[in-house]
Protein chains: 2
Amino acid sequence: MTRASDRAYRKIRSFILSDDVHPGMQLTEERLAEISGVSRTPVRDAVQRLENEMLLVRSASKRLSVADWSHDEIDEIFSLRAMLESHAAERAAQRMDDESLARLRAINVTLTEAVNRPEADIATFLEANRQFHGLILDRAQSPRLSQLLPSLVEQPVVRRTAAQYSRDDLIQSGIDHEELIAAFAARDSKWARAVMTSHIRRAFHSFSSATSRIAKD
Amino acid sequence: MTRASDRAYRKIRSFILSDDVHPGMQLTEERLAEISGVSRTPVRDAVQRLENEMLLVRSASKRLSVADWSHDEIDEIFSLRAMLESHAAERAAQRMDDESLARLRAINVTLTEAVNRPEADIATFLEANRQFHGLILDRAQSPRLSQLLPSLVEQPVVRRTAAQYSRDDLIQSGIDHEELIAAFAARDSKWARAVMTSHIRRAFHSFSSATSRIAKD
DNA sequence: ACACTTTCTATTGTATACAATTGCGTTCCG
DNA sequence: CGGAACGCAATTGTATACAATAGAAAGTGT
């Protein structure tokens with residue numbers, strides 16, 4: 001049986017990422033307790049975790065709300081991600097094994113197929129993308145990195161911005177991944193680092209131009 | 001009145017950093033509750049914070065212990081610190097103002113004086129060093145960075161390793177800081193970044209050779 | 001009508017009791 | 001004497017009741 005605080009964490013998390021929640025929305029611990037079906041004690045544990053991941057913020061006087069990010073903040077988040085994930089890629093290249101390599105290839109096939117469907121299957125793309133980056137982080141074998149990176153609000157930003165990406169952006173992601181795999185296969189850590197850096201920069205760029213396009217409407 | 005969980009956090013933290021605690025030592029929530037004079041509920045909050053900062057770790061089955069670090073892990077910690085603090089220095093250079101610059105100079109005077117005393121005043125050095133880096137982080141004006149960096153077990157590593165540093169190492173720190181200040185004064189972000197990177201690399205080096213010297217004994 | 005105070009209510013913070021789990025020592029059997 | 005099964009003790013996890021606090025609302029006097 002999983003711990004109640006873990007269940008609460010997952011439930012609250014998916015609640016926050018769902019569409020019936022808008023950034024800045026106020027919440028109460030009690031409400032979250034209802035949602036996750038446990039008492040406030042484990043909820044508070046979960047909330048603290050989510051605060052660390054900056055999915056939730058406590059406004060001035062301890063009131064909870066769903067995090068919101070300015071464009072500058074998202075810029076900064078992508079910068080930090082670029083740094084840390086590039087570092088992860090570098091380490092992963094030095095520690096790559098054939099099995100992981102095979103799994104990376106398999107994941108990217110799934111990802112590419114999802115993109116190439118008549119209607120791009122965004123959900124599958126996101127999940128495959130998550131797995132791809134997760135596996136790299138895993139191979140980096142750095143507990144600190146594994147702790148720092150997720151708290152970089154990776155998923156939420158991706159989630160809220162994924163809708164912004166054009167099909168071309170998604171296709172480009174698959175191509176970037178191919179090159180990453182090549183770098184890993186060659187155990188070339190500098191190459192892997194460089195590819196990862198531009199991969200994330202490119203992702204931010206796509207996001208950035210898409211939102212500025214929207215801002216004009 | 002401060003919150004009980006905050007008091008607990010501070011008490012436990014200083015307890016951990018005190019000398020009657022050795023890395024790997026086992027603790028219980030109840031014991032920590034006694035020490036901090038509050039009930040287990042706020043203690044658990046504090047403990048979770050300290051887990052995030054990796055000062056405490058939960059061994060396999062949820063039992064608490066004081067964190068310990070292998071040489072490889074400390075290496076990795078310094079690498080990440082180098083990346084993030086260099087980034088902070090770069091941003092700080094772009095956002096530097098004259099008042100902060102003056103304060104950095106003042107802090108570094110204190111630091112240098114502490115080092116130059118007949119018996120180097122390590123405690124004052126550490127505190128001044130902390131203030132110096134803290135001010136830079138503050139000027140970087142990045143909430144994410146401010147959240148990520150402290151959790152990099154900065155203080156603890158510094159604390160447990162400071163005794164290793166030779167007087168020359170401490171003097172070199174002061175010199176590095178001078179150059180950092182110069183870079184900030186010139187608002188030269190690339191320069192600041194470069195100096196910070198070598199500053200931290202150098203610190204790790206000093207630490208590393210000192211501990212390998214010890215290991216031989 | 002407006003500022004100021006006061007009360008009330010919603011929300012978070014803390015303590016405590018109890019449940020569940022895990023480690024460890026003991027016993028029992030081979 | 002060694003090892004597995006069992007039971008007890010210590011420790012963590014959860015619920016709930018209550019205390020403290022901050023925001024909102026209502027009232028009061030000018």
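Convention: sequence-line order gives letters A, B, ...; per-chain numbering from 1. The structure presented is a predicted model; accordingly, all values stated were derived computationally and were not measured.
Annotation: salt bridge (charged side-chain N to carboxylate O under 4.0 Å, His left out) contacts of A/Glu29 (sequence neighbours excluded): A/Arg40, A/Arg44, A/Arg58. Listed by chain and number, the residues in a side-chain contact (heavy atoms from CB on, under 4.5 Å) with A/Glu119 amount to none (sequence neighbours excluded). Taking B/Ser5 as the reference, B/Arg3, B/Pro42, B/Asp45 meet the side-chain contact (heavy atoms from CB on, under 4.5 Å) condition, with sequence neighbours excluded. When the ring-ring contact (aromatic ring centres under 6.0 Å, His included) test is applied to B/His199, the partners found at least two apart in sequence or on another chain are B/His133, B/His177.
Separation of atoms CD (A/Gln26) and CZ (A/Arg31) is listed at 13.5 Å; rounding is to 0.5 Å.
Atom C1' of nucleotide C/dA10 and atom CZ of A/Arg31 are separated by 15 Å, given to the nearest angstrom. Distance B/Arg49 CZ to C/dG13 P: 12 Å, rounded to the nearest Å. Summarising the geometry, the separation between CZ on A/Arg58 and P on C/dT11 is reported as 13 Å, rounded to the nearest angstrom. In this structure, CD of B/Gln48 is placed 10 Å from P of D/dG13, rounded to the nearest angstrom. With rounding to whole Å, A/Leu64 atom CG is found 16 Å from D/dA22 atom P. Going from atom CD of B/Glu30 over to atom P of D/dT11 covers 8 Å, rounded to whole Å. Nucleotide C/dT12 holds its P atom 11 Å from the NZ atom of A/Lys62, rounded to whole Å.
Minimum heavy-atom separation, B/Leu101 to B/Ala185: CD2-CA, 3.7 Å.
Side chains of A/Tyr9 and A/Glu53: a donor on one and an acceptor on the other come within 3.5 Å.
Other residues, nucleotides and ligands contribute at most 12 non-hydrogen atoms within 6.0 Å of the CD atom of A/Glu30. Counting non-hydrogen atoms of neighbouring residues, nucleotides and ligands closer than 6.0 angstrom, the CD atom of B/Glu99 reaches no more than 12 such neighbours.
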What N/O pairs connect the protein and nucleotides 23-25 of chain C at under 3.5 Å? Give each pair on its own line.
{"from": "C/dG23", "atom 1": "OP1", "to": "B/Ser61", "atom 2": "OG", "distance (Å)": "2.2"}

Protein-nucleotides 14-18 of chain D N/O pairs closer than 3.5 Å?
{"from": "D/dT14", "atom 1": "OP1", "to": "A/Ala4", "atom 2": "N", "distance (Å)": "2.4"}
{"from": "D/dT14", "atom 1": "OP1", "to": "A/Ser5", "atom 2": "N", "distance (Å)": "3.4"}
{"from": "D/dA15", "atom 1": "OP2", "to": "A/Ser39", "atom 2": "N", "distance (Å)": "2.8"}
{"from": "D/dA15", "atom 1": "OP2", "to": "A/Ser39", "atom 2": "OG", "distance (Å)": "2.9"}
{"from": "D/dA15", "atom 1": "N7", "to": "A/Thr41", "atom 2": "OG1", "distance (Å)": "2.7"}
{"from": "D/dT16", "atom 1": "O4", "to": "A/Thr41", "atom 2": "OG1", "distance (Å)": "3.3"}

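Across all strands shown, B/Leu32 has no heavy atoms under 4.0 Å from either base or sugar-phosphate atoms.
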